[in-house]
Amino acid sequence: MSDLTARFRKLWDEIAPIGRDAGSGGYLRYALTEPELLLRGWFRDQAEQRGMPIIEDGNGNLFAWWGDPDAGDAVLTGSHFDSVPHGGAYDGPLGIVSAFLAVDELRESGVTPARPLAVGAFVEEEGARFGVPCLGSRLLTGALPAERAAVLRDADGVSFAEALGHAPAGARPELWGRFRSFVELHVEQGRALADTVAPVAVASAIWPHGRWRFDFRGEGNHAGTTRMADRRDPMLTYAFTVLAANKEARLRGAYATVGRVSVEPNATNAIPSRVTGWLDARAAEPEILTGLVEAVHDKAVERARRDGTAVTLTEESATPLVAFDGGLADRLAALLDAPVLPTGAGHDAGVLAGHLPTAMLFVRNPTGVSHSPAESATDADCAAGVAALARVLAELTC
Ligand code: HGY
Ligand code: MN
Ligand code: MN
Ligand code: MN
């Protein structure tokens with residue numbers, strides 16, 4: 001085992017148990033809940049051990065600095081700690097652990113960056129607790145108003161402001177303006193690298209994607225005494241819409257799933273009065289995505305007429321096509337001799353890319369699976385990711 005692989009494993013073992021669900025083997029690291037707060041404490045310890053002062057942006061994002069935080073012209077790297085329910089170990093934390101190890105690599109090789117280097121931990125990237133993905137980076141850059149974020153509530157009715165302990169600060173242009181570039185290392189969410197000899201790839205783009213909430217309303221009634229002809233069952237319209245999303249996505253070479261549903265009153269012996277389903281849809285081109293969502297909505301409305309139910313559609317978040325800085329991507333791909341890949345997964349890098357030159361590095365995932373306990377990466381490939389990130393940071397901070 002190489003020295004760097006051993007160092008990766010040592011640091012990884014410090015966080016691996018935090019938030020892991022013994023039953024599923026997946027992670028329950030919702031933003032600002034106990035496991036994620038423990039990881040933020042770990043972040044502070046790592047920064048302190050390296051003499052890196054921390055700046056908090058007032059939105060829940062943390063930035064540890066090597067160099068003068070006020071000097072500007074800094075290179076930012078990092079990712080997020082939070083997970084989807086029963087998510088994988090690597091989605092997010094790999095980018096933060098790799099960032100601290102890359103700082104160590106640079107220091108050990110005697111590199112003294114000509115400009116500051118910051119390690120960032122963004123809050124609520126998955127949107128698994130408060131419903132809006134990349135909440136922290138959207139707040140930092142002003143893509144989401146602080147007053148809208150403050151009142152977002154989790155399943156227990158706790159608001160983001162309450163979880164944060166104060167109202168979010170909102171846009172901090174004087175802070176993100178200190179960054180000249182951002183590089184996020186992330187486990188690959190797919191199998192493009194799995195069958196290649198390359199442990200690391202450079203990202204070219206993030207597909208347009210978004211989340212839409214479908215509310216289906218019908219008439220709650222007794223499951224055993226209501227004649228079938230008299231039923232106005234929203235579960236029927238919901239089920240049909242899920243099938244329509246799958247069909248319309250396949251027709252367009254796009255992606256769509258309804259991964260989250262809530263039912264009222266949610267009783268076996270009661271016809272639902274309301275069913276809510278959240279659609280996640282993604283496509284290579286904005287027009288394809290728009291067409292997909294419109295087609296699914298049209299099918300849902302048509303079916304609702306037949307079922308005597310009502311359907312409303314609400315866009316909860318949308319991310320346009322993110323084309324990463326082409327010059328930077330090509331420069332890093334040449335530096336690392338790495339392939340360049342698009343991705344359908346959203347990232348804080350996708351938000352920052354609208355404000356500063358941004359790049360992503362992907363680390364091979366042999367299963368290609370993500371947002372699941374089956375997400376994987378080998379220690380050797382993670383060490384290769386750290387080495388690649390260190391080379392990139394040396395290149396960008398010189
Ligand atoms: O949902 C996504 O694409 C990202 O993993 N948060
Ligand atoms: Mn994710
Ligand atoms: Mn992620
Ligand atoms: Mn009864």
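Remember, it's 1-based here, ligands and their atoms both numbered in the order they're listed. Everything numeric here is computed off the predicted structure, so don't read it as measured data.
- Taking backbone and side-chain atoms together, His371 has an N/O/S atom less than 2.8 Å away from the Mn ion (ligand 2).
- Of the angles at the Mn ion (ligand 3), the one spanning OD1 of Asp91 and NE2 of His80 is 90° when given to 10°.
- A cation-pi arrangement, defined by a distance under 6.0 Å to the six-membered ring centre and an angle within 45 degrees of its axis, is present between Arg303 and Phe240.
- Between Trp65 and Phe179, the angle of the ring planes stays under 30°, which puts this pair in the parallel group of the 30/60° scheme.
- Nearest N, O or S atom of Glu126 to the Mn ion (ligand 2): atom OE2.
- Remark: Arg260 qualifies as a cation-pi partner of Trp278 under the 6.0 Å distance and 45° angle criteria applied to the six-membered ring.
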Contact table, ligand 1 N/O with protein N/O, distance under 3.5 Å:
residue	atom	partner	partner atom	Å
ligand 1	1 (O)	Arg282	NH2	3.0
ligand 1	3 (O)	Arg282	NH1	2.6
ligand 1	3 (O)	Arg282	NH2	3.2
ligand 1	3 (O)	Gly346	N	2.7
ligand 1	5 (O)	His371	NE2	3.0
ligand 1	6 (N)	Glu125	OE1	3.2
ligand 1	6 (N)	Glu125	OE2	3.0
ligand 1	6 (N)	Glu126	OE1	2.9

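- The aromatic rings of His347 and His186 stand perpendicular to each other, their planes meeting at an angle above 60°, with 30° marking the opposite boundary.
- At least one cation-pi condition fails for Arg115 and Trp66: the charged atom is not both under 6.0 angstrom from the six-membered ring centre and inside a 45 degree cone around its axis.
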Using the salt bridge (Lys or Arg N to Asp or Glu O under 4.0 Å) rule, take Arg29 and Asp82 through it: C-alpha gap first, then chi angles, then the decisive distance, then the call. CA-CA 5 Å; Arg29 293 168 168 168; Asp82 67 303; over 6 Å; no
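- Tested against Arg178, the residues Asp70, Asp73, Asp68 include a single salt bridge (charged side-chain N to carboxylate O under 4.0 Å, His left out) partner, Asp70.
- Aromatic ring centres of Trp207 and Tyr255 lie closer together than 6.0 Å.
- Distances from the Mn ion (ligand 3) to the N/O/S atoms of His186 are shortest for NE2.
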